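None of these values were measured; they are calculated from a predicted model.
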Amino acid sequence: MDCIFCKIAAGEIPSKLIYEDELCLAFHDISPMAKVHALVIPKAHHDSLQKAADDPALLGHLLRVCAIVAETLGLADGYRVVTNVGENGGQTVAHLHFHVLGGEKLSEKLA
Ligand code: 5GP
Ligand code: ZN
């Protein structure tokens, strides 16, 4: 499958890695929307949150890793976790990912 995040998970495309375990990895977004902008992705391909909704153990693990990443990156003053789903949700990479945004006061608007 021609999926950029599968290629990152396979090490075929380099990324600035923050965290890795058997199920997922976290790396810095190539085009940050905040002073700190990380992505947490499962190693296995799921198109989106909607397609992974039948795997709550995986989703719980990914959220736990978001919190670990926030701790690792020093986001003690707060941060935001976002996942975009589908075209109307603004999803541009069709491989489930959570954005972890912080390092500054974020807009009160969600998007
Ligand atoms: P989406 O718009 O699907 O919610 O988020 C996709 C994110 O992936 C964007 O924030 C974009 O900057 C990031 N991104 C796209 N391609 C790459 C890449 O090759 N490397 C990294 N590190 N981030 C990427
Ligand atoms: Zn993929």
Side-chain angles (χ1 to χ4, degrees):
M1 184 188 297
D2 193 23
C3 169
I4 199 157
F5 285 179
C6 281
K7 287 180 180 166
I8 287 176
E12 291 165 16
I13 291 177
S15 68
K16 288 166 71 183
L17 199 65
I18 302 161
Y19 173 94
E20 181 170 14
D21 65 26
E22 66 280 10
L23 290 177
C24 72
L25 67 159
F27 51 89
H28 291 279
D29 196 291
I30 203 166
S31 178
M33 305 270 286
K35 280 194 179 137
V36 174
H37 186 172
L39 299 170
V40 177
I41 72 166
K43 288 184 173 175
H45 183 92
H46 301 269
D47 285 351
S48 70
L49 172 65
Q50 208 60 27
K51 294 291 173 64
D54 61 352
D55 194 346
L58 174 67
L59 294 174
H61 182 76
L62 293 171
L63 286 175
R64 179 166 176 268
V65 170
C66 288
I68 291 169
V69 165
E71 172 90 23
T72 303
L73 297 178
L75 304 182
D77 290 336
Y79 60 95
R80 184 172 293 158
V81 174
V82 175
T83 188
N84 297 323
V85 179
E87 194 178 341
N88 278 6
Q91 185 178 6
T92 59
V93 176
H95 179 128
L96 171 64
H97 52 283
F98 289 96
H99 299 259
V100 179
L101 299 147
E104 61 183 306
K105 179 84 174 155
L106 299 172
S107 156
E108 288 175 21
K109 289 167 65 179
L110 281 176

K.L.:
Got a second to check how far His61's NE2 is from Asp21's CG, nearest 0.5 Å?
P.N.:
3.5 Å

K.L.:
Between His95 and Ala44, what is the shortest heavy-atom contact and its length?
P.N.:
NE2-O, 3.7 Å

K.L.:
If you round to the nearest 0.5 Å, how far is OH of Tyr19 from CG of Leu25?
P.N.:
10.0 Å

K.L.:
Between the side chains of Glu22 and Lys43, is the shortest nitrogen-to-carboxylate-oxygen separation below 4.0 Å, so that they form an ion pair?
P.N.:
no

K.L.:
Please check this pair: side chain of His45 against backbone of Phe5, looking for a donor-acceptor N/O pair closer than 3.5 Å.
P.N.:
no

K.L.:
Kindly compute the distance separating OG1 (Thr92) from CD (Glu87), expressed to the nearest 0.5 Å.
P.N.:
11.5 Å

K.L.:
Rounded at 0.5 Å granularity, tell me how far CG in Leu23 sits from CD1 in Ile41.
P.N.:
12.0 Å

K.L.:
How long is the gap from NZ on Lys35 to CG on Leu106, to the nearest 0.5 Å?
P.N.:
10.5 Å

K.L.:
Under a single-linkage definition using a 4.5 Å side-chain heavy-atom cutoff for Ile, Leu, Val, Met, Phe, Trp and Tyr, are Leu17 and Phe98 assigned to the same hydrophobic cluster?
P.N.:
no

K.L.:
I'd like to know if Val93 and Ile30 are part of one continuous hydrophobic network [Ile/Leu/Val/Met/Phe/Trp/Tyr, side-chain heavy atoms within less than 4.5 Å].
P.N.:
no

K.L.:
Could you check Leu58 against His46 for side chain to side chain contact (heavy atoms under 4.5 Å, CB included), going step by step and ending with a plain yes or no?
P.N.:
CA-CA 11 Å; Leu58 174 67; His46 301 269; 3.4 Å; yes

K.L.:
Count the heavy atoms of every other residue, nucleotide or ligand shown that sit under 6.0 Å from CD of Glu104, and state whether that count exceeds 12.
P.N.:
yes

K.L.:
Just so I know, are the side chains of Lys7 and Asp2 near enough to count as touching, which here means a heavy-atom distance under 4.5 Å?
P.N.:
yes

K.L.:
What's the separation between atom CD1 in Ile8 and atom SG in Cys3, rounded to the nearest 0.5 Å?
P.N.:
8.5 Å

K.L.:
Treating Ile, Leu, Val, Met, Phe, Trp and Tyr as nodes and any side-chain heavy-atom pair under 4.5 angstrom as an edge, say whether Val40 and Leu49 lie in one connected cluster.
P.N.:
yes

K.L.:
Could you label the plane-to-plane angle of the His99 and His37 rings as parallel, tilted or perpendicular, counting under 30° as parallel and over 60° as perpendicular?
P.N.:
tilted

K.L.:
Might you point out which heavy atoms bring Ala34 and Gly102 nearest each other, and give the distance in Å?
P.N.:
CB-O, 3.8 Å

K.L.:
Is there a side-chain contact between Leu73 and His28, using heavy atoms and a 4.5 Å cut-off?
P.N.:
yes

K.L.:
Report yes or no: do Leu101 and Val85 belong to one cluster of Ile/Leu/Val/Met/Phe/Trp/Tyr joined by side chain heavy-atom distances under 4.5 Å?
P.N.:
no

K.L.:
Test of understanding: clusters of I, L, V, M, F, W, Y form through side-chain heavy atoms closer than 4.5 Å, transitively. Do Leu39 and Val82 belong to the same one?
P.N.:
no

K.L.:
Would you say Thr83's side chain and His97's backbone share a donor-acceptor pair under 3.5 angstrom?
P.N.:
yes

K.L.:
Considering only heavy atoms from C-beta outward, does the side chain of Leu59 approach that of Leu96 to under 4.5 Å?
P.N.:
yes

K.L.:
Quick check on Gln50: does its CD atom have over 12 non-hydrogen neighbours (other residues, nucleotides or ligands) under 6.0 Å away?
P.N.:
no

K.L.:
Could you tell me which non-hydrogen atom of Leu75 sits nearest to which non-hydrogen atom of Gly103, and how far apart they are?
P.N.:
CD2-N, 3.5 Å

